[in-house]
Amino acid sequence: MKHLKLIINNKKKQNKFFDKEEFQIILNLYAKMVSGGEWKDYGLNISKREISFDVYKGMAEYPTYRITKSLDPKNNNEKYLVKDNLGKTIKKSKNLEMLIENTTWKKLTVVR
């Protein structure tokens with residue numbers, strides 16, 4: 001009994017997915033873009049470093065846009081990102097709602 005240790009994990013529990021409010025903001029944008037004929041499909045991608053909502057304009061192998069949430073951002077301003085189909089960061093913000101509002105989705109075009 002002398003060698004027993006009490007270990008308490010006081011680390012903050014990390015959210016491994018979009019929370020309810022974040023997901024609702026993204027789905028509202030998605031519904032708006034689908035009804036406008038801009039977007040056709042979506043997918044979710046989960047990794048150790050980030051989760052993403054991938055948007056497709058048609059039958060494509062790669063997503064046109066990725067709305068990502070970094071699970072361990074280096075900078076607080078890089079928590080939410082919008083990336084293009086090549087993975088290049090288009091916009092970044094610490095607030096998802098402001099990121100989506102300040103992005104002009106129709107003007108972003110894919111160049112291959």
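When reading the values below, keep in mind they use all heavy atoms of this one structure, side chains included, and skip hydrogens, waters and symmetry mates. Residue numbers run from 1 in the order of the sequence given.
Once rounded to the nearest 0.5 Å, the distance linking CG of L27 with CD of E22 reads 12.0 Å. Note that OG of S70 and CG of N77 are 12.0 Å apart. Values are rounded to the nearest 0.5 Å. Note that the CD atom of E101 and the CG atom of L96 stand 10.0 Å from one another [nearest 0.5 Å]. Separating the CG atom in L71 from the CD1 atom in I51 is a distance of 6.0 Å, to the nearest 0.5 Å. Expressed to the nearest 0.5 Å, how far CD1 of I90 lies from OH of Y65 amounts to 6.5 Å. Rounded to the nearest 0.5 angstrom, T68 OG1 and L81 CG are separated by 4.0 Å.
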Open item on the list: Under the criterion side-chain contact (heavy atoms from CB on, under 4.5 Å), I'd like the reasoning laid out for R66 against N45: C-alpha separation, chi angles, the key distance, then a yes or no.
Closed with: CA-CA 9 Å; R66 299 180 83 189; N45 189 3; 2.7 Å; yes

Task: Y80/I100 under side-chain contact (heavy atoms from CB on, under 4.5 Å): CA gap, chis, key distance, verdict - done: CA-CA 10 Å; Y80 301 100; I100 288 176; over 6 Å; no

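In the hydrophobic clustering of ILVMFWY residues, with side-chain heavy atoms under 4.5 Å counting as a link, I26 and I46 come out together. M33 is not connected to M98 by any chain of hydrophobic side-chain contacts under 4.5 Å among Ile, Leu, Val, Met, Phe, Trp and Tyr, and they are in different clusters.
For the side-chain contact (heavy atoms from CB on, under 4.5 Å) test, residues two or more places apart in sequence or in another chain that qualify with N76 are K94. S93 is linked by a side chain to side chain donor-acceptor pair (under 3.5 Å) to nothing, counting only residues two or more places apart in sequence or in another chain. A search for side chain to side chain donor-acceptor pair (under 3.5 Å) contacts involving K92 returns E78, not counting sequence neighbours.
The minimum heavy-atom distance linking E97 with I25 is given by the pair CB-CD1, 3.9 Å. Nearest heavy-atom pair across D54 and S52 is OD1-OG, 2.8 Å. The shortest heavy-atom contact between I67 and F18 is O-CZ, 3.7 Å. Contact record, K91 with L99: CB-CD1, 3.5 Å, taken as the closest heavy-atom pair.
For the salt bridge (charged side-chain N to carboxylate O under 4.0 Å, His left out) condition, the pairs that include at least one residue of residues 81-90, sequence neighbours left out, are E50-K83. For residues 24-34, the set of pairs meeting the side chain to side chain donor-acceptor pair (under 3.5 Å) definition, not counting sequence neighbours, comprises Q24-N28.
Using a 4.5 Å cut-off on side-chain heavy atoms (C-beta onward), E38 and V55 make no contact.
The distance between the ring centers of Y42 and Y56 does not fall below 6.0 angstrom.
F53 and F23 have perpendicular rings, their planes meeting at more than 60° on a 0 to 90° scale where under 30° would count as parallel.
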